[in-house]
Every structure is written in structure tokens, then in C-alpha cells.
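All remarks here apply to the structure that follows.
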Amino acid sequence: MKLDIPLPVQTILRRFYSAGFEASVVGGCVRDSLLGLTPKDWDITTSARPEQVQHVLGDFRLLATGLKHGTVTALSDGMPVEITTYRIDGTYSDNRRPDSVCFTNRLADDLSRRDFTINAMAYSEQNGLTDCFGGQEDLQNSILRCVGEPDRRFEEDALRILRGLRFCAVLGLTPESATAQSMQTHCRLLDHIAKERIGSEFIRLLCGNYAPQVLREYPLIVGQILPEILPMIGFEQHNPHHIYDVWEHTLHALDVIPADPVLRLAILLHDSGKPYTYTQDKKGVGHFHGHGSVSVELAQQALTRLRFDGKTTRRVCSLIRIHDMPLQPDPAWIRRRLSRMGEEDFRALLEIRRADSLAQNPAYRDRLTQLDALLPILEQILAEQQCFSLKDLCIDGTDLITLGLRPGPMVGELLKQLLDAVIQGKTANEKEALLTLAKQILNEKHR
Ligand code: ATP
Ligand code: MG
């Protein structure tokens, strides 16, 4: 077997060999290479101690990223490569970090501190694959298995629980039974982990191809970091538009929406307000009036807690707020939405609506028909570069001032009115037509 190691990484490995040290690529890059995927980053593990690493790579740009834990990042041909000395982790008293680490001369010791068998393989050209824990076989069988005793490993560092689910969601793995059991019994320890680390693992989980299956299988673990989902589970809708409870509906929608963080978060939480707004009419049909705004509050709370950036949070919340709005396959209405939301968010709204509809009762697919009618109109508006924002308007403030309008807030007001007329198709977006209309509006005002 031969892994395709990028040249900048090979350069570093050769340096270690020439200086008489052992060195291999290790962890995620070996796992991903064996799967035929492109590794996100390449990590090296070596017998050289941190000061020796610094000496051997003296002419590289080095960043002392985690020197205390034996990690140095070298920039090789512009590529950051993490180099960590073989180490054994000491005791863990806070469920997240070793109290101390000690260095070792044995690669096998270093591999034994790693979280899962699939992440505990090293590779070098001289020695081929070092796989002390059956990682390659687990990978072939799509199995997630802790290195060593699962309870101890999750007690040491509870983030591993979420990393484990992330690997399941991204790579389609199934945890073997002791690992699965232990992830569930230890999920409360996730409370000890920094929220931003949870947030960044969770979004990777959520964007995995197998996210719906993982969320369905492990709702209590997910509920530990995102309690906002828990009331949805098993909440029956008693409504002919729905054939699933709120949570199953959500998972079906998640299954068909693209793997974009904003889309996935918005669809995950779009109906989270339903359990709080449920009413039943005389016929026993369930309704959820105003659930959108309760879902927005819950999403805001959840995303702030998990330290998502402001832009993501704002986009997710505004999409949830309007996820149920009636869509109109009408050019003026579409231009108005484009003007308010911009193309990116409007397209996101359509994706949410499509996923939401696909996860409802197939007998009520009229909403999809409406979407299909809307899309060609949208594409035409964009292809023709029709005007839906002030910057597309054929006149600007200066033109209005030339017309005799005094500089001030009135100028902006009038421009907005003109844009509105163009969006509604009441006038062409042409300078003469717009100036004529501007004069008319001003005359009417002064009358
Ligand atoms: P990716 O790079 O795709 O996120 P990865 O497995 O490479 O996945 P990294 O955070 O880059 O994740 O970590 C590199 C390696 O370090 C892992 O493959 C694993 O061997 C080890 N590792 C990372 N985090 C932990 C942890 N919390 N506990 C034990 N070992 C870990
Ligand atoms: Mg990695």
C-alpha cells in the first residue's frame, strides 16, 4: 500500500529521517486517504522531541501552536503541517484536557492515546501502515470503535462523543455496541466542553450526508448540546398535511436539503416552536399559529449559546421567520423578495421550502408545484438583470437634485418610491421614464 503524501509533507518527513528520527503521517489524513478522500490537513507524528523538531526544521517558518503538548506547526511551501512528538497523555481531571503529557519513544504508545481506531493509524514509506487497533478493518466495515475502554476514553475527553457522531454523520459509520452505549451514558459530560468546540463539531455533524440517521439514532446526545430539539421528538401534528411527528418531519426535511450550514441549521430548527404553539380545532385538527417566531427565539438562543457567528445566526433566524410565507410565482412579488433579501437568501428560502414540502404528506404536493412555477421566473429575472435594488436603478440622487429636489432625506424616499414602481412593473427602468414619474410624484405632493 502506498499513500499519496503531498510534497511539502514529504519534505518534512525526509528531514526527520536524515536526522535519524522516526516520523509518519497520522490520524485523519491516513483515515481519509484509505477512504480515497482528500485529507483536510496532514499531521505528522515523530520520535523527535519538540526542541529537536525545532532544530531539525530550523529553516522553516514555525508556529509554536501547542508546544506544551509537543505540537509545532511548520509552514512547508505555504502548507501548514502539524508535527507532534510521540506522547502519552497523563490523567484527565476535567473531562476535556490531559493534566500533563509525557513524551515517549514508541509510536504504538502515541497511537493508543488517539480517540478511535480509524484515527489511530500511522503511515510512512519505510514501514507502511501501522495499525495497532484494527482501524483499517473497522474502516472497511464502517465501524466506529474507541481505542481502549470507551467509558474511560469519553470520561477523559467528552468532546470525543461528539467527534464520534461527526465521523458517523460524515462517513456513514455505525458505532460498535460498547462505544455506542458509552457515548450515550456519558453524554452529560459534554456540559464541561467549551461551547465553541461543540458548535464547530456539531455543524460538521449536521452537514454530514448521514446526519439524519445519526440525529434519529442519538437524540439524547444531540439534546444534551441542543435541548431545543427535545420537545419536537414524538410530537404528533394531527394535521392532514403531515404524516410524521415534528421531529421525524424535521429529519426528513434535513435529508433532502443541501449540506450548507445555514440551510441545515434553519431546517433543523424551523419547527422547534411547534410544541409551544399547538392548538386543536373543533374537528381535532392540530394547528401551530405563530410557531415561526417561537422557532426564531429558540434558534437565536441555541446559536448564541453554541457561539455561532453573527452572520450565520442572523441568516438562520430570518429564514426561519419566513419559512412558511406564501410564495407567489409572480415577477413583481419575486423582485420584491429579491430586493428585501438578496438572491442568496431568497434561493435559501426556496431550498427550505422545497425540503419542508418534500417532508410533508405527499398528497399535498401543490406547494412544490408552486415552487416549480416560481423558479423559471426567478431565473429569467436574474438572467435579464432586471432591476430590484437601488443600485440597479437607472437614476440616482444627483438626477433628482438636478430636477430641483433639495438634498436631504426626501431624495432617498423618492428613489425608493421609484424603485418600488419598477419592481411592480409600473414603469420601465429607464432614465426618461423615471424622471417623468419623479416629476409626477413631486407635483402630486405639492398639490
Ligand atoms: P478532521 O481533520 O477531518 O477534522 P481528524 O481526525 O484529522 O479529522 P483532527 O482534529 O485534525 O481530527 O485531529 C488529528 C488526529 O488527532 C485525529 O485523527 C486523532 O488521532 C487525534 N485526535 C484529535 N482529537 C482528539 C481527541 N479529542 N482525543 C483523542 N485523539 C484526538
Ligand atoms: Mg485532521
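Just so it is clear, the values below take in all heavy atoms, side chains as well, and ignore hydrogens, waters and symmetry mates. Whatever order the structure lists ligands and atoms in, that order sets their numbers, starting from 1. The residues of the chain are indexed from 1 along the displayed sequence.
- The ligand atoms of ligand 1 that sit less than 4.0 angstrom from a heavy atom of G27 are 18 (O).
- Counting the atoms of ligand 1 from 1 in the order shown, those under 4.0 Å from a heavy atom of R204 are 1 (P), 3 (O), 4 (O).
- One N or O on the side chain of N361 and one on the backbone of P240 form a donor-acceptor pair closer than 3.5 Å.
- Residues E51 and H55 have side chains that never bring a donor and an acceptor to within less than 3.5 angstrom of each other.
- Distance alone, capped at 3.5 Å, places no donor-acceptor pair between the D255 side chain and the P212 backbone.
- Taking a cut-off of under 4.0 Å to the non-hydrogen atoms of K40, the atoms of ligand 1 that pass are 1 (P), 2 (O), 3 (O), 4 (O).
- Side-chain atoms of S124 come within 3.5 Å of backbone N or O of N127 as a donor-acceptor pair.
- Under a 4.0 Å heavy-atom criterion, E156 is not in contact with ligand 1.
- We find that R353 and D356 are not joined by a salt bridge, their nearest charged nitrogen and carboxylate oxygen being 4.0 Å or further apart.
- Contact analysis puts F167 in contact with ligand 1, with a non-hydrogen atom separation below 4.0 angstrom.
- With atom 13 (O) of ligand 1 as the reference point, the heavy atom nearest to it among R160, R163, E82 is part of R163.
- Nearest heavy atoms, P219 versus W247: CB-NE1, 4.5 Å.
- Residues T65 and T71 bring no donor and acceptor atom of their side chains to less than 3.5 Å of each other.
- Within the listing of ligand 1, atoms 1 (P), 3 (O), 4 (O), 8 (O) sit less than 4.0 angstrom from a heavy atom of R166.
- Near D43, the atoms of ligand 1 lying under 4.0 angstrom from a non-hydrogen atom of the residue are 11 (O), 14 (C).
- Residue contacts with ligand 1: L159 is excluded, as none of its non-hydrogen atoms falls under 4.0 Å.
- In terms of distance to the Mg ion (ligand 2), the nearest N, O or S atom of D41 is named OD1.
- We find the CD1-OG1 distance between I83 and T46 to be 8.5 Å, quoted to the nearest 0.5 Å.
- Within the structure, ligand 1 lacks R153 among the residues with a heavy atom less than 4.0 angstrom away.
- If you number the atoms of ligand 1 from 1 as listed, the ones under 4.0 Å from a heavy atom of R113 come out as 29 (C).
- In terms of polar-atom proximity, defined here as any N/O pair under 3.5 Å, R31 does make such a contact with ligand 1.
- Using a 4.0 Å cut-off between heavy atoms, D115 contacts ligand 1 through both its backbone and its side chain.
- The residues D245 and K274 are annotated as not salt-bridged, no charged nitrogen and carboxylate oxygen being separated by less than 4.0 angstrom.
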